[in-house]
Amino acid sequence: LGGAVEHSTAAVGNGNVYIGTGAGDSKLYAFNANTGTPVPGFPKQLLNAVYSSPVLALGNVYVGDFNGNLWAFNATTGVVLPGFPVGVFGGIFGSPTISGGRLYISTNNSRIYAFDAMTGSPNTIDSVIVGASISSIAAANGQVYGASTGLNGEQILYGLDRNLEFDTTYFPIGLGTTPGFNYSTPAVVGATIFVGKPATSVSAFRFNAGSSALWTRNFINPTQGSPVVANGLVFVNATKTLFALDASNGTILWSSAVRT
């Protein structure tokens with residue numbers, strides 16, 4: 001790689017692995033996943049640092065840069081799709097989300113956008129959310145969900161329909177006030193939404209059931225990253241320890257140190 005990887009996580013698909021680099025290089029790379037050989041047509045030069053993780057969908061690879069450009073390339077050839085890049089207001093930290101042919105992205109300037117995933121045409125005007133959104137967006141139940149952070153550290157879980165109209169009946173949900181941006185992307189399983197807070201907790205909420213949490217699990221050390229849900233368990237990293245929680249009630253089932 002020609003530069004450092006900063007926050008971007010690799011995406012694997014089509015027999016390849018894709019990764020973005022940060023300031024000073026600002027490229028999207030692709031390598032054969034078995035041999036490490038560069039894929040012809042890559043790397044792609046972007047216009048600013050890549051903190052966003054690339055996402056594979058519809059035969060394409062999507063990624064954002066910190067200059068507010070959302071890119072789409074053919075995942076095999078590296079050819080940019082007509083209509084891309086599309087510009088948004090604010091830097092992109094989170095990864096693109098593709099659902100129902102729509103491409104969703106949020107920015108650190110309190111905006112969320114939806115575009116046609118194949119043409120880049122806007123599906124709707126952007127919506128203004130409360131606070132900066134650093135996390136990625138989750139799409140489920142005909143809605144999109146995300147976490148944002150207000151000017152005074154207010155941590156917020158927001159929900160909008162696929163046309164980016166706010167669900168004002170049940171959202172936004174306040175998660176409390178803590179310093180630092182919320183990097184946690186909500187995880188949605190069935191009718192339950194799991195979201196972390198940049199201080200010391202993870203909470204579960206029922207879709208369309210109000211702002212009262214089903215449960216909240218507090219930790220001694222700050223939580224990092226996003227909750228992952230599988231087989232009835234919620235996995236959370238709290239700085240030096242990986243926890244497995246019962247998804248139904250938040251009970252800690254086991255924990256293991258992941259760093260000394």
Side-chain angles (χ1 to χ4, degrees), residues 5-13 17-20 33 51-57 61-64 92-99 104-106 112 133-141 143-149 155-159 171 173 175-176 178 180-207 209 213-260:
V5 175
E6 304 177 42
H7 302 292
S8 183
T9 301
V12 180
V17 56
Y18 304 82
I19 190 71
Y51 303 124
S52 169
S53 299
V55 170
L56 292 162
V61 54
Y62 300 87
V63 70
I92 298 173
F93 273 93
S95 300
T97 298
I98 295 90
S99 177
Y104 298 96
I105 196 72
S106 59
I112 180 171
S133 182
I134 306 298
S135 72
S136 304
I137 294 167
N141 305 319
Q143 291 192 273
V144 292
Y145 307 94
S148 63
T149 304
Q155 306 300 329
I156 300 160
L157 173 65
Y158 60 84
F171 295 90
I173 295 174
L175 303 175
T178 57
F181 289 113
N182 194 344
Y183 291 88
S184 176
T185 298
V188 184
V189 178
T192 305
I193 308 164
F194 304 87
V195 65
K197 194 168 67 170
T200 56
S201 69
V202 170
S203 297
F205 297 89
R206 183 71 67 184
F207 170 65
L214 296 175
W215 54 260
T216 295
R217 170 58 55 190
N218 294 306
F219 302 96
I220 296 175
N221 294 314
T223 54
Q224 306 288 329
S226 305
V228 175
V229 185
N231 301 320
L233 302 178
V234 182
F235 299 95
V236 182
N237 174 31
T239 304
K240 295 182 179 181
T241 306
L242 177 66
F243 290 88
L245 313 179
D246 186 318
S248 65
N249 56 29
T251 299
I252 297 175
L253 300 179
W254 58 260
S255 63
S256 179
V258 294
R259 185 179 65 183
T260 58

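- With rounding to the nearest 0.5 angstrom, the CG atom of Asp246 is 11.5 Å from the CD1 atom of Ile252.
- Taking each heavy atom of Gly190 and Val188 in turn, the nearest pair found is O-CG1, 3.9 Å.
- Looking at every heavy atom in both residues, Pro186 comes nearest to Ser136 through CD-O, 4.0 Å.
- Once rounded to the nearest 0.5 Å, the distance linking CG of Leu253 with CG of Leu245 reads 7.0 Å.
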Problem set entry | Worked verdict on Ile112 versus Val144 for side chain to side chain contact (heavy atoms under 4.5 Å, CB included) | CA-CA 10 Å; Ile112 180 171; Val144 292; 4.2 Å; yes

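- The backbone N or O of Ser8 sits nowhere less than 3.5 Å from a side-chain atom of Ser53 that would complete a donor-acceptor pair.
- Separating the CD1 atom in Ile92 from the OG atom in Ser106 is a distance of 8.5 Å, to the nearest 0.5 Å.
- Panel note: side chain Ser99, backbone Ala139; no donor-acceptor pair is recorded below 3.5 Å.
- Asn218 is linked by a side-chain hydrogen bond (donor to acceptor under 3.5 Å, both in side chains) to nothing, counting only residues two or more places apart in sequence or in another chain.
- Residues satisfying the side-chain hydrogen bond (donor to acceptor under 3.5 Å, both in side chains) criterion with Thr216, sequence neighbours excluded, are Ser203.
- Using modelled atom types, one side-chain atom of Trp215 and one backbone atom of Ala247 make a donor-acceptor pair closer than 3.5 Å.
- Between Val61 and Val63, every side-chain heavy-atom pair lies at or beyond the 4.5 Å cut-off.
- The side-chain contact (heavy atoms from CB on, under 4.5 Å) search around Val12 returns Val17, not counting sequence neighbours.
- Distance OG1/Thr241 to CH2/Trp254: 10.5 Å, rounded to 0.5 Å.
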For this session: Begin with the C-alpha distance, continue with both residues' side-chain angles, and end with the deciding distance and a verdict on side chain to side chain donor-acceptor pair (under 3.5 Å) for Arg206 and Thr192.
Result: CA-CA 5 Å; Arg206 183 71 67 184; Thr192 305; 3.0 Å; yes

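- Here the closest heavy-atom approach between residue Phe235 and residue Ala244 is recorded as CE2-CB, 3.8 Å.
- Distance check: Tyr145 OH to Ile193 CD1 gives 4.5 Å after rounding to the nearest 0.5 Å.
- Not a single side-chain hydrogen bond (donor to acceptor under 3.5 Å, both in side chains) links Asn231 to another residue, sequence neighbours left out.
- Taking Phe243 as the reference, Phe219 meet the ring pair (Phe, Tyr, Trp, His ring centres under 6.0 Å) condition, with sequence neighbours excluded.
- In this structure, the side chains of Ile98 and Val55 come closer than 4.5 Å at one or more pairs of heavy atoms.
- Panel note: side chain Thr185, backbone Ile137; no donor-acceptor pair is recorded below 3.5 Å.
- Between Phe93 and Tyr51, the ring planes are parallel. Angles under 30° get that label, and only those over 60° would be called perpendicular.
- Of all heavy-atom pairs between Pro227 and Ala187, the closest is O-CB, 3.7 Å.
- Applying the side-chain hydrogen bond (donor to acceptor under 3.5 Å, both in side chains) criterion to Ser255, with sequence neighbours excluded, gives no partner residue.
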